[in-house]
Amino acid sequence: MATEAARTNFIEDIINEDLKQGKNNGKVATRFPPEPNGYLHIGHAKSICLNFGIAKKYNGTCNLRFDDTNPETEETEYVESIKEDIEWLGFKWDGLFFASDYFDAMYDHAMTLVKDGKAYVESLTPDEIRQYRGDFNTPGKNSPYRDRPVEENITLFLEMKAGKYKDGEICLRAKIDMQSPNMNLRDPIVYRIRHAHHHRTGDKWCIYPMYDWAHGLEDSVEGITHSLCTLEFENHRPLYDWFLEQLPVHHPQQIEFARLNLSFTVMSKRKLLQLVKENHVNGWDDPRMPTICGMRRRGVSPSALRKFSDRIGIAKRENVADFALLEHIVREDLNETSPRIMGVINPLLVEIENYPEDKEEYFDAPLHPEDDRWGSRKIPFGKHVYIEQDDFREDAPRKWFRLSPGKEIRLRYACLITCKDVLKDDNGNIVKLICTFDPESRGGTAPDGRKVKGTSHWVSAKHAVKITVRQYDRLFNVENPNKAEEGQSWLDNLNPNSLEVLENCYAEPYIKELNPEDRIQFERIGYFVADRFEFSKDNPVFNRTVTLRDSWAKIEKNQSGSADRGKGKQPQASETAAKKVETKDEDYISIDDFAKLDLRVGTIKSAQLVDGADKLLKLQVDIGEEKPRQVFAGIRKRYETEIDALVGKNVVVVANLKPRQMKFGLSEGMILAAGGKQNRLELAEVLGDTLPGDTVS
RNA sequence: UGGGACGUAGGCCAAUUGGUAGGCCCCAGGUUUUUGGUACCUGUCAUUGCAGGUUCGAGUCCUGCCGUCCCAGCCA
């Protein structure tokens, strides 16, 4: 992390080299060239950060240029949203341009090409053009119109511009090489006829330049030095270069890098559009969308997005960035910048028996535990408070140090309470907890120094402000949504629980101070943002940006192996990523899981029967560690009569399992076995020259 | 199938340009803690796609193979 600034990517290496050789008079000029036909997403953010970042790093410039060469798909609406997104991300463009600003110059240059005999007007139909072009194996054929006299070409091109022809009737082509193995060089089309209204030039033009012709020229007139684009344009570079070589103009260098892919989401314009059109999400700025405006509404900060772009790096290989990395960086960023507030998502009423009925008091609580510049606020307290349902268990599991009957916990910044009684309704649902508090524990510290490990967030029932909380989760269930199961579409990978709206939540009065887009942490729950559009003092709506890391959830999961404990808990970030090796509840484990096993050679040092278990043997196995591991194996039936013969055998031990306390002792591993004769488990033996502790693969 | 590119841990990115593989995320464990958060520490994880060759020495150079991606729009 510390070396991030020092580290260079391959593009910077190229620029450094160019600078060293005095190219471009030591200038660096980049540009971000979106087509205004859709909303920007996090992949664009990578490109924006790259282009603007390089300009900044080298004291150069970066333009925003809209590549509006196709009047049929482009709209002003998109222009505005793109500008807004870039500014929000924290970048300022040096020049703001449109490809359409250069239509006149592009036309003039095309005419030069025609006059130089390097371009001709094509009269073949689109279909014929395709046929003449050939394919990968078949070289193209020259068009019969390829050798039209220059004069004729000039006339036709003039007429073409004047509107004499219909769409597709004729077009202008560059005369390059119909035999080229690079399809882009088989006489590419330079101008096509489109009788369409352009969002900026209106009806001035009925011919529009193609991307390849336009892009290099745009870069050229703006004096761009390094034209950065994505990998799919690699095949276009020879054409980019060819066009510029035909003219006496500045020739920028095109460099391609790999676009960003993110796990658990889709990035293609088409699919994003489909999600919106088919109402799988609520618009382009739905907080589940990977669009910049979506992430903004989700509560992701511009700095987090910039950090993310930095951290994923720039390279040429196809890549899929980890969604977990994004989440990590968002937490990292929000941890530093978000004030802490208490809010209860799933309230459980607590009555404090020994607290006076009408009394209320205020506790002082810092807004940020690590940064006192934030100051503090007062939190009201009374006889009735809400705590989180998740913070109470009637039957406390192992390692549980939150509230349960008879146990004492701390109400954060307030006092210590002990659970005395649990009240239920006729259906057995818990409706209220009766607790007592320790009047000496003001502020949350025990007067006698006793350790109270559990701390819960809470809200005074009397002062609570009702809020709406929208809990967002990953939009898709699988790492790569594009890969659909046989007979299914990518849409079948959508996570049906990606949004959960909770109306019955409470927060402390401090939330009245908040404004739309303020980012906060609800302590112990996660980071949230006051909705950009819907939040108001009367309608406090919060969107969950990301949960806090939840190590209790992991402990519990590892303990039980059964996930269906806390109701309504959605699969969150960590769970999907941390697929655990569970042999207990599932008959099969995947190859992936199998690869995670740490298999070691172990020598059996001793073996004995386990009293009271008719399947188990207790083994001490040396796997090269300082002490042998104690392992219980369900192989008694097979080896009962020859138990001593086991000693000295080399077996395969699964060494990276969590030690488990069993009725008969601590189990520190498992031994690989297979179904042997008469359905009795037989140990897998390791033969040959091995030492205890060797890894098995 | 012709051409263009790319292969370094489960993911992403490095490696002084030929000197013996490192960081972040994830995962596991621990310390601190009035957030089971944060921070900090420790650990697991790579014979650098494979096979040859050159060299005292190869992730870096050479040869051959394999795999993945891109290109046959009058889209960008």
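Below, chains carry the letters A, B, ... as their sequence lines are ordered, and counting in each starts from 1.
For the C1' atoms, the distance from B:C26 to B:A9 is 11 Å, rounded to whole Å. B:C45 and B:A39: their P atoms are spaced 25 Å apart (whole Å). Taking the C1' atoms as reference points, B:U32 lies 40 Å from B:U47, given to the whole Å. Using atom C1' as the reference point in both B:C70 and B:G53, the two lie 32 Å apart (nearest Å). Of the C1' atoms belonging to B:A5 and B:U42, the separation is 41 Å, rounded to the nearest Å. Separation of the P atoms belonging to B:G11 and B:G49 is 13 Å when rounded to the nearest angstrom. Nucleotides B:G18 and B:G23 have their P atoms positioned 24 Å apart, rounded to a whole Å. One C1' atom belongs to B:G59, the other to B:U17, and the distance between them is 12 Å to the nearest Å.
Whole-Å rounding puts the A:Phe323 CZ to B:G11 C1' distance at 14 Å. Nucleotide B:C26 holds its P atom 14 Å from the CD atom of A:Glu479, rounded to whole Å. A:Leu50 has its CG atom 13 Å from the P atom of B:C13, to the nearest Å. Note: CH2 (A:Trp552) to P (B:U35) measures 17 Å, nearest angstrom. Rounded to an integer number of Å, the gap from CZ of A:Phe257 to P of B:C13 is 13 Å. One atom, CZ of A:Phe10, and another, C1' of B:A15, lie 17 Å apart when rounded to the nearest Å. Between A:Asp390 atom CG and B:U35 atom C1' the separation is 14 Å, expressed in whole Å. Rounded to whole angstrom, the span from the CG atom of A:Asp333 across to the P atom of B:C25 amounts to 15 Å.
To the nearest 0.5 Å, atoms OG1 (A:Thr337) and CH2 (A:Trp374) are separated by 7.0 Å. Put simply, CD1 on A:Ile207 and NZ on A:Lys161 are 7.0 Å apart, with the number rounded to the nearest 0.5 Å.
Scored by the side-chain contact (heavy atoms from CB on, under 4.5 Å) test, A:Ala214 finds A:Thr69, A:Met106, A:Pro209, A:Glu218 as partners (sequence neighbours excluded). Taking the side-chain hydrogen bond (donor to acceptor under 3.5 Å, both in side chains) definition, one finds that A:Glu232 meets it with A:Thr230, A:Arg259, sequence neighbours left out. By the side-chain contact (heavy atoms from CB on, under 4.5 Å) test, A:Asn137 is found to be paired with A:Asp135, residues two or more places apart in sequence or in another chain being considered. Looking at residues two or more places apart in sequence or on another chain, you find a ring-ring contact (aromatic ring centres under 6.0 Å, His included) between A:Phe157 and A:Tyr107, A:Tyr191. Residues satisfying the ring-ring contact (aromatic ring centres under 6.0 Å, His included) test with A:Tyr120, not counting sequence neighbours, are none. A search for side-chain contact (heavy atoms from CB on, under 4.5 Å) contacts involving A:Glu169 returns A:Tyr165, A:Lys166, not counting sequence neighbours. Annotation: ring-ring contact (aromatic ring centres under 6.0 Å, His included) contacts of A:Tyr39 (sequence neighbours excluded): A:Tyr78, A:Trp284. With sequence neighbours excluded, the residues forming a side-chain contact (heavy atoms from CB on, under 4.5 Å) with A:Ala365 are A:Arg377, A:Ile379, A:Tyr413, listed by chain and number. For A:His236, the ring-ring contact (aromatic ring centres under 6.0 Å, His included) partners are A:Phe233, not counting sequence neighbours.
B:G73 takes the syn form, because its glycosidic angle lies no more than 90° either side of 0. B:U17 adopts a syn glycosidic conformation, its chi angle falling within 90° of 0.
For B:C27, the OP1/OP2 oxygens have a side-chain nitrogen or oxygen of A:Lys554 closer than 4.0 Å. Remark: A:Arg412 is in phosphate contact with B:U35, judged by side-chain N or O atoms under 4.0 Å from OP1 or OP2.
Checking B:C25, B:U35, B:G4 against every side-chain atom of A:Thr455, the shortest atom distance belongs to B:U35. Closest to the side chain of A:Asn9, from the set B:C24, B:A14, B:U35, is B:A14.
Checked for salt-bridge contact, A:Arg146 and A:Asp187 meet the test: a charged N lies under 4.0 Å from a carboxylate O. The pair A:Lys141-A:Glu128 does not count as a salt bridge, with every side-chain nitrogen at least 4.0 angstrom from each carboxylate oxygen. A salt bridge links A:Arg173 to A:Glu122: at least one charged side-chain nitrogen sits closer than 4.0 Å to a carboxylate oxygen.
Among the heavy atoms of the strands lying under 4.0 Å from A:Gln521 is at least one base atom, whether or not backbone atoms are also near. Across all strands, A:Pro139 comes closer than 4.0 Å to no nucleic acid atom at all (heavy-atom distances). Looking at heavy-atom distances under 4.0 Å, A:Phe401 makes contact with a base. At a threshold of 4.0 angstrom between heavy atoms, the contacts of A:Trp400 include nucleobase atoms, whether or not backbone atoms are also involved.
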Please tabulate, one pair per line, each protein N/O and nucleotide N/O from nucleotides 38-40 of chain B that are separated by under 3.5 Å, including the distance.
{"unit_1": "B:U38", "atom_1": "OP1", "unit_2": "A:Arg549", "atom_2": "NH1", "d": "2.6"}
{"unit_1": "B:U38", "atom_1": "O2'", "unit_2": "A:Asn335", "atom_2": "ND2", "d": "2.9"}

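Stem regions for RNA chain B, each three or more consecutive Watson-Crick or G-U pairs with both distances under 3.5 Å and listed by first number, read B:2-7 with B:66-71, B:10-13 with B:22-25, B:27-31 with B:39-43, B:49-53 with B:61-65.
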When you check every protein heavy atom under 4.0 Å of nucleotides 69-75 of chain B, what one-letter string (B, S, -) results, 5' to 3'? SBBBSBS
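Each of A:Lys269 and A:Val452 was matched to the nucleotide of RNA chain B holding its nearest heavy atom; the match closer to the 5' end belongs to A:Val452.
Between the side chain of A:Arg402 and the base of B:G36, at least one donor-acceptor pair of N or O atoms lies under 3.5 Å.
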